[in-house]
2 protein chains.
Amino acid sequence: MSKQGDGAKEGEGFMAGLAIDAVIFGFHDRQLKVLLLEYKSTGLFALPGGFIKDTEDVDDAAKKMVTRRTGLHDIFLEQFYTFGDYSRFDPEPMRAIMSAKGTMPPSDHWLLQRFITIGYYALVDFTQAIPTPDEISDSCKWYQLDALPVLMQDHALIIKKALETLQVSLDQKLTGFNLLPEQFTMGELQSVYETILGKTLIRAAFQRKMLSLDILELVAKKMTGKAHKAPYLYRFVKK
Amino acid sequence: MSKQGDGAKEGEGFMAGLAIDAVIFGFHDRQLKVLLLEYKSTGLFALPGGFIKDTEDVDDAAKKMVTRRTGLHDIFLEQFYTFGDYSRFDPEPMRAIMSAKGTMPPSDHWLLQRFITIGYYALVDFTQAIPTPDEISDSCKWYQLDALPVLMQDHALIIKKALETLQVSLDQKLTGFNLLPEQFTMGELQSVYETILGKTLIRAAFQRKMLSLDILELVAKKMTGKAHKAPYLYRFVKK
DNA sequence: TCTTTATTGTAACATTTTGTTACAATAGTA
DNA sequence: TACTATTGTAACAAAATGTTACAATAAAGA
């Protein structure tokens, strides 16, 4: 299930019963964060979502929606699973939200029907994103993955599955780099890996492995102001 | 897009614009096979498909559909991707099929609308499956993966993506075992791996690796009637 | 019965990858 | 100038994988 897409009125022009939800990951302060919308009327939080126009690619709908919530273009964005259990169906939160907004919807309102949602996850540079609420939410903010608020419907499950997908694809597709600014130290990269995998890695082995992949380019030294050797800044080389 | 689901009339009781397609893999004669339906009126072949009842889990709909086409229960079945490009939309094949069946559908017929399809892949024991056509197809047969007929819409792409998913999950989830009968030789298992990965493996290393995983149980010797040492039959030990 | 043939199971060694420990280099502090 | 904390990397160990070789053996042929 999902938030109101821009300009969605009575569901005209949109694919019925189908939504998109995005797990937008950021990395800051050695922590993985997820972007969530808040609905004060229900006390619930939700993943940013949207709908698919009748003539629109689903990937494009997802991309546009993530751009609206973050202000970012050229985002790493991948579909990971489609959630279609009937038990997901629970119109109550949406009804409460709509009532609080002043409209008492009829029970056959399109937003109160069963939705199947296509899950995407995005990896963004935390320092560049500008969280932006949608029309019916009260806020859009980052939350620590290990301290999430109570989420609407099965959104906690969606986040869990997104993380599992990320863990598997981390080495294989080198997705982790998408969470860092253009330039980063080896320690920062290692901490991204450690946070996503949920375990500590051996520094020497990690550094050797990363350098052996021939995907890092040394940029400069980074003077940290600390009393020890300055780390190098690296940049991810796109093949 | 997809074939007619059992009892689907005018789309009532089904999720609109949503379909399921299954890439059902079998293994026989050292070859990977895929189950396809034929529509003689169009000269086209298609993946087995179906629709989702309004109150049904998508996984259940997929499971039932695969059971209808194979006669098998307890199938290895996994969702792998949802295909949602607008360019998939092409009502012509379905219109031709329906016309050939005697009904000239109005152009707003529900089966001629845009569909987004949820892709599943299944791994079945070739020797146990009983291919069964659906109501509007002329046949249901196995086809070699490397010699597929011309397929409807983007079904060739769907098969390609299913194979890629299978290749990645082969080691990780040990999915390959689901393509073999209960008992099999190490050579048969290796040939499943080689066919799926599209490359030859080193026999000694493969055998050592498989045995080291502690997932194989030795059952008996298999007298092949050939003039050489008889191989052992193994069985996959479910944890 | 004995030899031949083709294939299997596995040992032995080589190579590569990963785990572990150690240490020199160094930016700032005392 | 010594001290501290962290980085980069070498060196060795252990584990995993690649490669070669060979004994075991079921059936066919002499």
Side-chain angles (χ1 to χ4, degrees), chain A residues 29-30 167-174 176-177 180-237, chain B residues 29-30 167-174 176-177 180-237:
Chain A
D29 207 14
R30 309 226 150 190
Q167 288 172 338
V168 169
S169 71
L170 191 55
D171 277 315
Q172 205 171 37
K173 299 182 178 177
L174 301 168
F177 296 93
L180 288 169
E182 203 218 332
Q183 298 183 13
F184 48 85
T185 67
M186 192 60 75
E188 288 166 348
L189 182 59
Q190 183 177 339
S191 115
V192 165
Y193 268 68
E194 289 182 334
T195 307
I196 292 174
L197 298 177
K199 65 178 181 187
T200 59
L201 302 173
I202 295 136
R203 188 176 61 89
F206 181 82
Q207 176 136 347
R208 181 182 50 200
K209 180 71 182 169
M210 283 298 145
L211 292 179
S212 77
L213 293 175
D214 272 333
I215 51 168
L216 291 181
E217 188 176 10
L218 204 152
V219 181
K221 256 190 211 182
K222 183 187 183 188
M223 295 304 175
T224 57
K226 300 286 180 56
H228 54 73
K229 184 174 179 179
Y232 289 116
L233 282 172
Y234 297 92
R235 178 195 300 152
F236 182 55
V237 179
Chain B
D29 206 15
R30 310 225 148 191
Q167 288 173 339
V168 169
S169 70
L170 191 55
D171 278 315
Q172 205 170 36
K173 299 182 178 175
L174 301 169
F177 295 93
L180 290 169
E182 204 219 330
Q183 298 183 14
F184 47 86
T185 67
M186 193 58 76
E188 288 166 348
L189 182 58
Q190 183 177 338
S191 118
V192 165
Y193 268 69
E194 289 182 334
T195 307
I196 292 174
L197 297 176
K199 65 177 181 187
T200 59
L201 303 172
I202 294 136
R203 189 176 62 89
F206 181 81
Q207 178 135 347
R208 180 181 50 201
K209 179 70 182 169
M210 283 299 146
L211 292 179
S212 77
L213 292 175
D214 271 334
I215 53 170
L216 291 181
E217 187 176 8
L218 204 151
V219 181
K221 256 190 210 183
K222 183 189 184 186
M223 295 303 173
T224 58
K226 300 287 180 56
H228 54 72
K229 183 175 181 179
Y232 290 117
L233 282 173
Y234 298 91
R235 179 195 298 151
F236 182 55
V237 180

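Naming: A, B, ... by sequence-line order, numbering from 1 per chain.
- Following rounding to the nearest Å, A/Y232 (OH) and C/dA27 (C1') show an atom-to-atom distance of 13 Å.
- Look at NZ on B/K229: it is 10 Å from P on C/dT8, rounded to the nearest Å.
- Here the P atom of nucleotide C/dT17 and the CG atom of A/L213 are 11 Å apart, to the nearest Å.
- For B/K209 and D/dT17, the shortest distance from a side-chain N or O to OP1 or OP2 is below 4.0 Å.
- Two residues are said to be in side-chain contact when any heavy atoms from C-beta on lie closer than 4.5 Å; A/V219 and A/Y232 fail this criterion.
- At a non-hydrogen distance threshold of 4.0 Å, B/R203, B/A204 from residues 191-204 of chain B come into contact with DNA chain C.
- In this structure, B/A204 has no side-chain contact (heavy atoms from CB on, under 4.5 Å) partners at least two apart in sequence or on a different chain.
- C/dT7 atom P lies 13 Å from atom CD of B/Q190, rounded to whole Å.
- A donor-acceptor contact under 3.5 Å is not formed by the side chain of A/R208 with the base of D/dG8.
- For residues 185-196 of chain B, the set of pairs meeting the side chain to side chain donor-acceptor pair (under 3.5 Å) definition, not counting sequence neighbours, comprises B/E188-B/K222, B/Q190-B/E194.
- Whole-Å rounding puts the B/Q207 CD to D/dC22 P distance at 19 Å.
- Atom-to-atom, CE of A/M210 to C1' of C/dT18 comes out at 13 Å; the value is rounded to the nearest Å.
- Listed candidates were C/dG9, D/dT9, D/dG8. Nearest to the side chain of B/M186 is C/dG9.
- For residues 206-218 of chain B, every residue pair satisfying the salt bridge (charged side-chain N to carboxylate O under 4.0 Å, His left out) rule, not counting sequence neighbours, is listed here: B/E217-B/R235.
- Of all non-hydrogen atoms in A/F177 and A/L189, the two that sit nearest each other are CE2-CD2, 3.5 Å.
- Here the P atom of nucleotide C/dA11 and the CG atom of B/L211 are 10 Å apart, to the nearest Å.
- An angle of 20°, rounded to 10°, separates the two end axes of the helix from C/dT1-D/dA30 to C/dA30-D/dT1, each defined over five pairs.
- Under the side-chain contact (heavy atoms from CB on, under 4.5 Å) criterion, A/I202 pairs with A/A205, not counting sequence neighbours.
- Counting heavy atoms from C-beta outward, B/Q167 and B/L170 have side chains that stay 4.5 Å or more apart.
- D/dT7 atom C1' lies 15 Å from atom CG of A/L216, rounded to whole Å.
- Of all the heavy atoms in A/V237 and A/L216, the pair that sits closest is CG2-C, 4.0 Å.
- One distance of note links CZ of A/F236 with CG of A/L174; it measures 5.5 Å at 0.5 Å rounding.
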